[in-house]
Amino acid sequence: MGCLFKFLTAVFAVLCVTAGKELSSRAAVRKLPEGLLFGAATASYQIEGGWNASDKSPSIWDTFCEIPGKIKDGTSGRDACKSYEYYQRDVEMLKFLGVDFYRFSVSWPRVLPSGFADKVSQDGIEYYSRLVDELLANGIEPSVTLYHWDLPQSLQDLGGWANPLIADWFEDYARVLYDALGDRVKLWITLNEPKQFAIYGYGKDVFAPDINSPGVGDYMAVKNLLMAHARAWHLYDKEYRPKQNGNCGITIASDFAEGISDSPADVEAGNLALDFEIGFYSHPIFSTTGGFPEKLVKRVAERSAAQGFPRSRLPELTKDEIDFIRGTSDFYGFNHYSTRFYSAEDYKSGMFEEPSYDDDVGAVSGRGEYTTAPNGYTTKIPAGIRKALNWIKDSYNSPEIMIFENGYGDYGGVNDPDRIDYYKAYLDAILDAIEVDGCNISRYTAWSLMDNFEWAQGLSVKFGLFEVDYEAEKRTRTAKTSALWYRNLIASRTLDPADNPKYEKIEF
Ligand code: BGC
């Protein structure tokens, strides 16, 4: 009898774990948690255009797009979605969706044409001020990113993120914006996705500013950007929070990484890859000890020594710097798209350039058994977002997580059931993370409000809820079926697996 009871209890426990922890409840209609806010996001260079309007100076992306072969389809963000001219229409689209907030970014060279705070562009400031006012008048909260990759070219000419003085320049720039908009903006995001602009811009030549210094320049940028972020946060915390009462933090690309198999070598490779992918930027800010992840530090030191460098290629963080950076975010800004699986076994020495970030990671990555849909760009692996959210919760003592980007890239079309399916599956996993795992998630943001300039992919890849007609002078926007779906989700505050809106032509 005792044995049978134990057996039944064990079976029941397994069933509970399976139902709660492993399987998503995708068949069920789910209520959205009270208080969870919904938004949509964009970034200045990707949508604004107006690249030389008024006194704006070129950004590193204006320069980069001029280099033949850098952008897949030879396009640029010079005119993009023309939001600089037609921002009111963007607000109408947001209103149509019914979002709580709009995450947009400020173009540094539009506000400070020399890059420095010696002269503030009145036209630049007024543009953002009008946008903020328009949002507030429509009941939409402005959430502002200070830096989403469009550095003034003038500052790049002085080294950009590889120059430690960028911490001064960034703090000065942040002050200008806190002064100009902080009476109305209560949510500030200092930097968008450090990995993407440091590793791809300074360690590879796939992003601006095209500095190909693998395993050296990229790591210099990582240290400097952490210092710059911390300076902007401390400034807000000390001087502005007392009078403006808002929040300030960073948003980190948090795609998940794990071993491709259960072999100890692959599991270890997955863990180290997580340190490189996320921990590199999050550990210094969110961990109790601060500093870079220990295993990452050890790995880069070992590789550097083996390569004949007299010191590690990873710049050291002094004790004071560690203390200065630690704790400098009021929330964990979380951007997530997909998951990569790492194989230690497939890795062969000499397979990657040396030195380099990829060689330091020391494993081969791929999408495992998952495939990308024929018209798709993003690989759908919803279990990964739940794992990433839990990794952050467990590693950093359950911080408040604001999801600032999540979305699906494809090659176009206003009827986009794959995008809707992606959003449903990822939101379902997020609800599991909240309700079953206890992750503290306060915001969800769809990337992106509309199709836009997708960096090195140019206009070829689309992430928008609205299609943009780049042939039309005014860049007409058309709601995709995913926009209708997102609108229903927000209005009904339910995630309904059966909600598949029919396409109807709605233009802005
Ligand atoms: C960036 C966005 C980009 C999106 C889709 C993120 O890495 O922050 O600017 O458009 O991913 O690739």
Side-chain angles (χ1 to χ4, degrees), residues 39-49 59-61 64-65 71-73 75-77 80-81 83 102-108 143-151 161 189-201 203-204 206-208 225 229 249-257 277-278 280-282 332-340 367 372 376-381 384-385 388 402-412 416 418-419 422-423 426 443-468 482:
T42 61
S44 46
Y45 189 74
Q46 295 181 274
I47 64 157
E48 283 177 3
S59 80
I60 53 175
W61 275 92
F64 187 70
C65 292
I71 309 300
K72 192 175 166 192
D73 56 4
T75 56
S76 78
C81 308
S83 288
Y102 177 41
R103 175 180 174 232
F104 64 92
S105 81
V106 173
S107 158
W108 188 338
S143 310
V144 180
T145 308
L146 295 175
Y147 185 75
H148 200 128
W149 309 353
D150 43 357
L151 188 74
W161 292 100
I189 298 150
T190 55
L191 304 176
N192 179 70
E193 298 190 352
K195 174 190 172 184
Q196 275 56 20
F197 70 86
I199 307 296
Y200 300 144
K204 297 183 190 213
V206 296
F207 271 12
L225 71 83
H229 152 78
I250 190 167
T251 198
I252 295 173
S254 304
D255 272 11
F256 198 61
E277 184 72 27
I278 312 182
F280 208 174
Y281 319 94
S282 57
Y332 187 104
F334 175 98
N335 293 7
H336 182 103
Y337 289 88
S338 196
T339 293
R340 296 196 85 88
R367 301 291 182 195
T372 312
Y377 174 76
T378 310
T379 312
K380 195 173 17 155
I381 310 176
I385 195 167
M402 296 188 181
I403 300 176
F404 279 131
E405 277 184 35
N406 179 230
Y408 181 79
D410 66 17
Y411 293 98
D416 54 348
D418 286 347
R419 177 169 291 107
Y422 175 98
Y423 277 127
Y426 274 65
R443 286 179 190 242
Y444 178 83
T445 316
W447 182 274
S448 174
L449 175 61
M450 63 191 128
D451 292 346
N452 54 50
F453 178 75
E454 181 49 40
W455 310 112
Q457 302 299 321
L459 300 179
S460 66
V461 172
K462 327 272 188 188
F463 277 87
L465 295 168
F466 288 82
E467 185 183 69
V468 175
S482 57

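Remember, it's 1-based here, ligands and their atoms both numbered in the order they're listed. What you see is a predicted model, and the numbers here were worked out from it, not measured in a lab.
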Undergrad: Quick test: of every protein heavy atom, which one is nearest to atom 6 (C) of ligand 1, and how far off is it to 0.1 Å?
TA: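 Heavy-atom neighbour on the protein nearest atom 6 (C) of ligand 1: E405 OE1, 3.0 Å.
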Undergrad: Is ligand 1 under 4.0 Å from a heavy atom in the side chain of N192, in the backbone, in both, or in neither?
TA: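 N192 to ligand 1: side-chain contact only, backbone stays beyond 4.0 Å.
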Undergrad: So, regarding Q196 and ligand 1 (criterion: nitrogen or oxygen to nitrogen or oxygen, under 3.5 Å), is there a contact or not?
TA: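 No; every N/O pair is 3.5 Å or more apart.
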Undergrad: Which residue holds the protein heavy atom closest to atom 4 (C) of ligand 1, what is that atom called, and what is the gap in Å?
TA: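 Scanning the protein heavy atoms, the shortest distance from atom 4 (C) of ligand 1 goes to Y337 OH, 3.4 Å.
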Undergrad: Aromatic rings Y422 and Y408: how do their planes relate, parallel, tilted or perpendicular, breaks at 30° and 60°?
TA: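 Taking Y408 first and then Y422, their aromatic rings sit tilted (interplane angle of 30° to 60°).
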Undergrad: Nearest protein heavy atom to atom 7 (O) of ligand 1, by residue and atom, and its distance?
TA: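 The closest one turns out to be E193 OE1, 2.4 Å.
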Undergrad: Check this for me - ligand 1, W447, N or O atoms closer than 3.5 angstrom, yes or no?
TA: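 Yes, W447 has an N/O under 3.5 Å of an N/O on ligand 1.
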Undergrad: Please work out whether the ring planes of F334 and H336 are parallel, tilted or perpendicular, with thresholds of 30° and 60°.
TA: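 F334 and H336: parallel rings.
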Undergrad: When only distance counts, is N452 in polar contact with ligand 1, meaning an N/O pair under 3.5 Å?
TA: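 No; the residue has no nitrogen or oxygen that sits under 3.5 Å from a nitrogen or oxygen of the ligand.
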Undergrad: Considering W455, F197, F453, W149 one by one, which has a heavy atom nearer to atom 3 (C) of ligand 1 than any of the others?
TA: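 Heavy atom nearest to atom 3 (C) of ligand 1 belongs to W455.
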Undergrad: Would you call the rings of Y45 and F453 parallel, tilted or perpendicular, where under 30° means parallel and over 60° means perpendicular?
TA: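 Taking F453 first and then Y45, their aromatic rings stand perpendicular (interplane angle over 60°).
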Undergrad: Is the distance from the ring center of F64 to that of W149 below 6.0 Å?
TA: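 No, too far apart.
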Undergrad: For atom 10 (O) of ligand 1, what is the nearest protein heavy atom, given as residue, atom name and distance?
TA: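 Protein heavy atom with the smallest distance to atom 10 (O) of ligand 1: E454 OE1, 2.7 Å.
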Undergrad: Given the side-chain rings of F207 and W61, with only the six-membered ring counted for Trp, is the space between their centroids under 6.0 Å?
TA: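 Yes, the ring centres sit under 6.0 Å apart.
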Undergrad: Short question: side chain of S254, backbone of I252 - any donor-acceptor pair under 3.5 Å?
TA: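 Checked: pair present.
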Undergrad: Does I403 offer a backbone N or O that forms a donor-acceptor pair with the side chain of T445 under 3.5 Å?
TA: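 Side chain of T445 to backbone of I403, a donor-acceptor pair under 3.5 Å: yes, one is there.
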Undergrad: Any atom of ligand 1 sitting under 4.0 Å from a heavy atom of H148?
TA: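 Yes; H148 lies near enough to ligand 1 that a heavy-atom distance drops under 4.0 Å.
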